[in-house]
Amino acid sequence: MGSSQSMSEEVRELVGKTGFSSDQIEQLHRRFKQLSGNQPTIRKENFNNIPDLELNPIRSKIIRAFFDNRNLRKAPSGLADEINFEDFLTIMSYFRPIETNVGEEQLEHCRKEKLRFLFHMYDSDSDGRITLEEYRNVVEELLSGNPHIEKESARSIADGAMMEAASVCVGQMQPDQVYEGITFDDFLKIWQGIDIETKMHVRFLNMETIALCH
């Protein structure tokens, strides 16, 4: 990150942009260098050597999320080939714990940002809607490590979850009515009252200084 003087200017700028403290940025920079092999950018293959991530059933989706232009706030669709340190911080900021002393409006904004990140993981074709097929895909991946659950059972679980989503978002559906999928507004309704803090953590990055929930 350059000499100590330029580094502190850079860090000051990054603190303002990301909300991380300078100590957290220093630690994340060490982790970034470790992941990139001291290169200025990280590519997908750099994530291959993270042991905790290797065991994660939705590993490919987590890695993809780091390169998703929507999460990087660069474009409404598509994937980046590589990310630099500022991009890395942008992604990591989605996992930052919500501070307790912020106002109601800021709290709601932070929560929405976290849920948008999750929504993008499900909405793989970037069309703004999670279809049954996309939902099934995630559920099947999540359950793939469980030897006691067959693929058909996983599909049934996904179908049931989608029907539940439809009843929450549309209300009583007519017999001939087809639920097109979960929009982001629907997603917010489904997650209402659920503590997002306990659902999003970055244990696989071993970030001790950031309060992580398990």
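By convention here, the first residue in the shown sequence is residue 1. Hydrogens, waters and symmetry mates are skipped; everything else that's a heavy atom, side chains included, is used.
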Student check: side-chain heavy atoms of [X] and [Y] closer than 4.5 Å:
X: Phe20; Y: Leu14; answer: no
X: Val168; Y: Asp186; answer: no
X: Leu53; Y: Ile63; answer: yes
X: Leu35; Y: Ile50; answer: yes
X: Pro40; Y: Asn84; answer: no

Considering all heavy atoms, the nearest [X]-[Y] contact:
X: Val11; Y: Ser22; result: CG1-CB, 3.6 Å
X: Asp87; Y: Leu72; result: CB-CD2, 3.6 Å
X: Arg73; Y: Thr90; result: NH1-CG2, 3.8 Å
X: Ala165; Y: Ile182; result: CB-CD1, 3.9 Å

When you check the gap from the basic side-chain N to the acidic O, do [X] and [Y] get nearer than 4.0 Å?
X: Arg96; Y: Glu113; answer: no
X: Glu86; Y: Lys17; answer: yes
X: Arg70; Y: Asp68; answer: yes
X: Lys44; Y: Asp81; answer: no

Other residues, nucleotides and ligands only: do more than 12 of their heavy atoms fall within 6.0 Å of [atom1] on [X]?
X: Lys61; atom1: NZ; value: yes
X: Glu82; atom1: CD; value: yes
X: Glu45; atom1: CD; value: yes

With respect to Phe184, which candidate in Tyr122, Trp191, Phe119 satisfies the ring-ring contact (aromatic ring centres under 6.0 Å, His included) definition?
->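 Single pass found, and it is Phe119.
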Just one of Phe66, Tyr94, Phe187 clears the ring-ring contact (aromatic ring centres under 6.0 Å, His included) bar with Phe117, so which one?
->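 Running ring-ring contact (aromatic ring centres under 6.0 Å, His included) over Phe66, Tyr94, Phe187 with Phe117 returns exactly one hit, Tyr94.
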side-chain contact (heavy atoms from CB on, under 4.5 Å) assessment of Cys169 paired with Tyr179 | CA-CA 10 Å; Cys169 304; Tyr179 185 50; 3.8 Å; yes
With sequence neighbours excluded, residues passing side chain to side chain contact (heavy atoms under 4.5 Å, CB included) with Leu107 |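 With neighbours one apart ignored, the set is Ile98, Val102, Glu104.
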Partners passing side chain to side chain contact (heavy atoms under 4.5 Å, CB included) against Asp185 (at least two apart in sequence or in another chain) =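 Expected list: Thr183, Leu188.
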Compute whether any side-chain donor of one residue and acceptor of the other, for Gln34 and Arg31, lie under 3.5 angstrom apart.
->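 Yes, side-chain donor-acceptor contact under 3.5 Å.
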Hey, what do you get for [atom1] ([X]) to [atom2] ([Y]), rounding to the nearest 0.5 Å?
X: Glu9; Y: Glu13; atom1: CD; atom2: CD; answer: 9.0 Å
X: Glu141; Y: Met121; atom1: CD; atom2: CE; answer: 9.0 Å
X: Leu89; Y: Met92; atom1: CG; atom2: CE; answer: 8.5 Å
X: Ile91; Y: Ile62; atom1: CD1; atom2: CD1; answer: 12.5 Å

Side chain of [X], backbone of [Y]: donor and acceptor closer than 3.5 Å?
X: Arg64; Y: Ser124; value: yes
X: Gln27; Y: Gln24; value: no
X: Asn69; Y: Ser77; value: yes

Residue pair His120, Asn71: steps toward the side-chain hydrogen bond (donor to acceptor under 3.5 Å, both in side chains) verdict | CA-CA 8 Å; His120 292 161; Asn71 297 333; 2.7 Å; yes
Salt bridge (charged side-chain N to carboxylate O under 4.0 Å, His left out) between Arg129 and Glu180, worked out = CA-CA 8 Å; Arg129 198 180 286 274; Glu180 297 291 337; 5.8 Å; no
Show every donor-acceptor pair shorter than 3.5 Å between a side-chain atom in residues 150-158 and any protein atom, with sequence neighbours excluded, or say none if there are none.
unit_1, atom_1, unit_2, atom_2, d
Arg155, NE, Glu140, OE2, 2.9
Ser156, OG, Glu152, O, 3.1

